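Following: one structure in structure tokens, then a few remarks.
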Amino acid sequence: MTDNSPSAAFEHGFHTVAERHERIWLFISLALLSLLMAGAMYFVVADYGVVVKTAGYQRHPEDAATGAFAVDQGLMRTGPNTYAVHMLAHLWQWTPSPLHVPQNAEITFYITSSDVLHGFEVQGTTINVTAIPGTIGKVTYTFRHAGSYNIICNEFCGIEHQNMLGRIIVDPANHS
Amino acid sequence: MSATTHGNIALPHASTDSAERRLMLGFLVFGFSALFIGASIGPLQALNYGGINLYPYLRPLLQTYYQGLTVHGVLNAYVFTFFLACGLLVYLPARELGLSPNLLLWRACFGLMVVGTLMLLVGMFDNSSSVLYTFYPPLKGSALFYLGLTLLVVGSLFPLPILLDLRGRWRRQRPGEITPLATYMSLATMLMWFLAGFGAAAELLVQLDPWVLGLTQTVDPSIARTLFWWTGHPIVYFWLMPAYVSWYCLLPKQAGGKLVSDPAARMTFALLLIFSLPVGSHHQYLDPGISPVWKVILTALTLSVALPSLITAFTMALSLEYGGRLRGGRGVLGWFTALPWRNAGVAAQVLAMITYIFGGAGGVVNGSWQLDNIVHNTIWIPGHFHLTVGTATAMTFMGVSFWMLPHLTGRTLLMPRLALASAWLWFIGMSIFAFGMHWAGLLGVPRRAWVSYMPQEAYDRVYGLAHLPLGLVALGGVILWLAVVAFYLVFFGSLLFSRQGTEEPIPFAQAFHRRASYAIGQPVGDLPGEPTPKLARALEHLGLITAFTAFITLAAYIPILWPMIRNATQATGWNVW
Ligand code: HEM
Ligand SMILES: [Cu+2]
Ligand SMILES: [Cu+2]
């Protein structure tokens with residue numbers, strides 16, 4: 001085989017050690033993966049506002065622009081400190097944008113598309129939802145810091161995809 | 001010359017032998033030519049993220065960034081990888097077993113994939129189908145694109161019957177023995193790919209082909225996306241497993257040692273077959289329309305698929321250590337430096353493995369639902385898969401070509417030092433590139449965006465905070481261009497201008513407690529020291545494992561698809577590029 005042909009003893013010794021280490025490695029790997037899994041489960045149960053839910057369907061995606069999906073209503077108050085907004089992705093804009101929301105209020109976004117796939121990403125937050133024509137997604141988020149946030153489309157949607165930007169302006173809460 | 005011995009392998013007939021070599025060479029050259037086009041475009045994309053827009057200078061060859069990106073994705077991720085896999089996963093087992101594969105089927109495989117690729121090329125270069133390699137409807141390209149893709153996928157399934165036939169013939173001559181390792185791995189890979197193929201086949205044949213041919217008017221985007229990822233996740237193992245075959249079955253020999261654990265190798269492949277199938281919808285963690293309960297289950301299954309790769313890391317490191325110690329390496333890490341680093345084929349593959357460690361770690365992040373929220377569809381993702389398919393797989397195949405070209409043509413490798421340089425340049429370029437991509441992704445920079453074509457004010461406002469990492473992406477891209485040039489000088493140079501050399505055998509590695517060769521026509525030789533381990537015997541039942549996998553795949557997909565079918569959407573097509 002090779003010029004430095006191994007002595008049988010070396011091979012045997014190496015193999016014995018290898019088998020023991022293999023078992024240890026397997027154990028460590030399984031433990032590591034179980035921990036990760038437990039962590040993942042915990043966050044899902046705790047649902048800290050990033051889990052995408054399904055809010056409804058539309059047989060004809062283009063109906064989102066005109067029908068029951070209340071695109072042009074802007075921010076809608078739903079409780080003392082809770083709001084909802086219907087966010088429509090369409091070639092190549094976000095409606096409504098710019099959107100003003102109050103700081104520290106719970107905002108529920110309903111998101112869909114009236115044409116092709118888009119991606120609703122709010123830079124610097126955990127909000128990241130696929131805008132699927134015909135399916136309405138829902139995610140809840142509380143902006144803790146006032147300021148301006150970029151909405152970035154992160155799913156390819158055609159030639160102007162890179163310019164499909166929007167803006168969310170978080171107005172400082174009143175400390176009167 | 002009917003039983004000439006080349007190293008460990010016996011060749012049954014000189015004439016079929018040379019036909020097999022020619023065909024294998026066809027797969028190799030066609031695949032690497034596709035990569036040449038695809039990889040040449042890559043650095044343009046890297047420069048794009050650095051804010052440099054070279055696309056206006058490329059007309060009429062490329063009209064837009066998105067056209068180039070479609071070509072890059074399709075040629076690199078589908079054409080290159082499919083040709084290499086369908087070549088290697090037939091050629092290596094046939095030589096390992098000392099039998100001839102069914103040449104008719106293998107030629108049909110080649111032919112279908114070539115025709116499919118040509119159709120795709122027409123559909124992409126006339127800019128009628130800049131839908132990217134994921135072709136999510138309701139984006140709607142030209143019929144040539146989808147039909148070409150259909151042929152490519154169908155062709156890529158042909159190695160399965162070829163392998164079943166090879167294994168059957170071998171078993172009849174060696175009753176009671178377990179399948180030799182390279183054949184076992186190749187078969188497990190093809191069984192996995194067979195089950196995986198149902199997703200894309202259904203999407204193309206039931207939804208998209210009739211739609212682009214005008215037989216149906218609308219399409220459901222969610223169902224299409226789900227079927228796409230049914231195939232689209234396991235496809236990453238169709239990219240990786242052929243590279244693993246080289247790592248397990250060949251590299252230990254090239255590194256001067258042996259494979260330390262044959263049963264671990266089999267277990268890895270059986271686990272990959274099982275776990276890669278039901279988890280495709282983890283690419284839809286952020287899609288509405290799928291219940292959070294299923295996403296939790298997917299997270300658990302997805303993390304399980306890391307296990308076989310962790311076993312691979314262990315077995316490979318140990319096999320390399322064994323080789324390095326035989327070569328005189330001492331101390332904790334001496335074995336590593338003692339590896340044959342001057343051998344470009346070895347260096348490329350060891351560097352590919354090192355890169356893969358980082359790719360795997362990133363994959364665990366992507367697979368964890370909550371963390372995916374931060375990185376999904378940012379350029380973290382292409383950063384991740386250029387470490388995996390773009391380096392672990394691509395550079396392993398490059399390393400394989402360094403011995404395989406001489407083996408197939410009987411000519412020497414031209415400029416071996418340049419070959420070595422190409423591997424290091426690729427490694428360095430990819431490391432810088434991927435580091436920048438991961439970092440910029442965390443700052444929210446999206447993937448697939450022609451950002452260099454945005455108004456400067458908008459680019460600075462949105463991506464200004466990522467200037468430094470995006471600069472690294474561009475720098476890495478330029479280094480990768482040099483790597484591409486170096487590699488193809490060697491590759492095409494060796495093919496066209498090289499001198500006749502000595503016959504280069506296939507470097508099949510022996511495993512501990514296994515024979516040196518299992519080829520028919522080869523003396524059975526010294527028997528293994530121990531009886532076949534129970535684990536290896538149990539894993540012989542690939543049919544049962546496949547049936548079980550099919551069952552859990554259905555169990556995973558029916559509950560995901562059912563609500564989508566009940567709430568079907570009728571979306572019309574869009575051509576907006
Ligand atoms: C020369 C080295 C390469 C460079 C510089 C490069 C660069 C890039 C860049 C910057 C992107 C991101 C584009 C975007 O998201 O807008 C990309 C995407 C991609 N690359 Fe590469 N690449 C290279 C080689 C490869 C190789 C070897 C493969 C696979 C074998 C590959 C497969 C892909 C795929 C599948 C995509 C995704 C396309 C999409 O999002 O539609 N690349 N590449
Ligand atoms: Cu977009
Ligand atoms: Cu996946």
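In what follows, chains are A, B, ... by sequence order, proteins preceding strands, each numbered from 1. Here the structure is a predicted model, which is why all the values come from computation and not from measurement. Heavy atoms only: backbone and side chains are in, while hydrogens, waters and symmetry mates are out.
Heavy-atom distances place the backbone of B/Ser130, and not its side chain, under 4.5 Å from chain A. Only the side chain of B/Tyr66 comes within contact range of chain A, with heavy atoms under 4.5 Å apart. Only the backbone of B/Leu443 has a heavy atom closer than 4.5 Å to any heavy atom of chain A. Using a 4.5 Å cut-off between heavy atoms, A/Leu165 touches chain B through its side chain atoms alone. With a threshold of 4.5 angstrom between heavy atoms, A/Ile152 approaches chain B through side-chain atoms but not through N, CA, C or O.
For the residue pair B/Asn377 and A/Asn128, no side-chain donor N or O sits within less than 3.5 Å of a side-chain acceptor on the partner. Between the side chains of A/Thr130 and B/Gln284, not a single donor N or O lies within less than 3.5 Å of an accepting N or O.
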Which donor-acceptor pairs under 3.5 Å do the side chains of residues 56-71 of chain A make with protein atoms, sequence neighbours left out?
none

If you look only at distance, which donor and acceptor atoms sit under 3.5 Å apart when one is on a side chain in residues 454-465 of chain B and the other is two or more places apart or in another chain?
unit_1	atom_1	unit_2	atom_2	d
B/Gln456	NE2	B/Asp460	OD1	3.2
B/Gln456	NE2	B/Asp460	OD2	3.3
B/Glu457	OE2	B/Arg461	NE	3.1
B/Tyr459	OH	B/Tyr49	O	3.0
B/Asp460	OD1	B/His467	NE2	3.4
B/Arg461	NH1	A/Asn150	OD1	3.2

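Comparing B/Val451, B/Leu139, B/Leu69 by how many heavy-atom pairs each has under 4.5 Å with chain A, the most go to B/Leu139. Residue with the most contacts toward chain A among B/Trp369, B/Trp577, B/Phe512: B/Phe512 (heavy-atom pairs, distance under 4.5 Å). Among A/Val129, A/Ile28, A/Ile132, the residue with the largest count of heavy-atom pairs under 4.5 Å with chain B is A/Ile132. The greatest number of non-hydrogen atom pairs below 4.5 Å with chain B, out of A/Cys157, A/Pro133, A/Gly137, A/Gly134, is found for A/Pro133. By number of non-hydrogen pairs under 4.5 angstrom with chain A, the leading residue of B/Lys295, B/Arg448, B/His376, B/Glu321 is B/His376.
The six-membered or imidazole ring of A/Phe109 lies near that of A/Phe120, with a centre-to-centre distance under 6.0 Å.
Every residue was checked against the salt bridge (Lys or Arg N to Asp or Glu O under 4.0 Å) condition with A/Glu22, not counting sequence neighbours, and none meets it.
Interface residues of residues 78-85 of chain A toward chain B, defined by a heavy-atom distance below 4.5 Å: none.
Here the CD-CD1 distance, from A/Gln93 to A/Ile151, works out to 11.5 Å after rounding to the nearest 0.5 Å. Interatomic distance, NE2 of B/His72 versus CD of B/Gln67, reported as 14.5 Å (0.5 Å rounding).
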| request: Step by step, work out the side-chain contact (heavy atoms from CB on, under 4.5 Å) result for A/Phe27 and A/Arg23. | output: CA-CA 6 Å; A/Phe27 176 78; A/Arg23 277 192 291 274; over 6 Å; no

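Using a 30° and 60° split on the angle between ring planes, B/Tyr65 and B/Trp450 fall in the parallel class, below 30°.
Of all heavy-atom pairs between B/Val260 and A/Phe14, the closest is CG1-CE2, 3.7 Å.
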